[in-house]
Visitor: 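My questions will all concern the structure given below.
Everything numeric in this text was worked out from a predicted model, so none of it was measured. Residue numbers start at 1 and run along the sequence shown.
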Amino acid sequence: MVSRTKTATLAAESGGGTATTAERTAGARRRVQIDFSNTAYERLESIRERSDAQSNAETVRNALRLYDWFLRQRDEGYEVRLVKGDEERAVELLW
């Protein structure tokens with residue numbers, strides 16, 4: 001059995017697609033145009049549908065929040081693990 005004493009949480013903003021505190025402080029949004037291969041665009045659509053996001057922009061913002069959270073955890077010396085019942089796997093991300 002895996003003993004877990006702490007759980008890291010990723011705080012999600014309510015109201016899907018609302019600006020972050022830094023964006024509200026800056027007072028403006030910025031438009032970014034991204035070119036996707038067909039495969040990457042299909043992945044984006046699949047993630048949007050599976051996550052019930054309202055738009056591709058919301059999907060990308062959520063992905064950026066998750067990636068930012070992951071990097072902060074890694075910078076603090078934590079590692080990512082997958083736990084399913086009694087099974088635990090360390091996750092090595094190569095990028």
Visitor: Taking salt bridge (charged side-chain N to carboxylate O under 4.0 Å, His left out) as the definition, give me every residue that meets it alongside R31, ordered by chain and number, with sequence neighbours left out.
Guide: none
Visitor: Among all residues two or more places apart in sequence or in another chain, which pass the side chain to side chain contact (heavy atoms under 4.5 Å, CB included) test with V32?
Guide: I34
Visitor: Residues in side-chain hydrogen bond (donor to acceptor under 3.5 Å, both in side chains) with R81, at least two apart?
Guide: E79, E88
Visitor: I'd like to check the side chain to side chain contact (heavy atoms under 4.5 Å, CB included) partners of T39; sequence neighbours left out, ordered by chain and number.
Guide: S37
Visitor: By side chain to side chain contact (heavy atoms under 4.5 Å, CB included), which residues pair with A63, not counting sequence neighbours?
Guide: none
Visitor: Does E92, at its CD atom, have more than 12 non-hydrogen atoms belonging to other residues, nucleotides or ligands within less than 6.0 Å?
Guide: no
Visitor: Quick one: do V60 and W69 end up in the same hydrophobic cluster if we chain Ile, Leu, Val, Met, Phe, Trp and Tyr together by side-chain heavy atoms under 4.5 Å apart?
Guide: no
Visitor: side-chain hydrogen bond (donor to acceptor under 3.5 Å, both in side chains): which pairs involve residues 45-56, sequence neighbours left out?
Guide: Y41-N56, S46-R50, R48-N56
Visitor: My understanding is that only residues two or more places apart in sequence, or in another chain, count here; which of them pass side-chain hydrogen bond (donor to acceptor under 3.5 Å, both in side chains) with R30?
Guide: none
Visitor: Side-chain heavy atoms under 4.5 angstrom apart, residues restricted to Ile, Leu, Val, Met, Phe, Trp, Tyr: same cluster for L64 and L66?
Guide: no
Visitor: Could you tell me the separation between the CZ atom of R43 and the CG atom of N38, rounded to the nearest 0.5 Å?
Guide: 12.5 Å
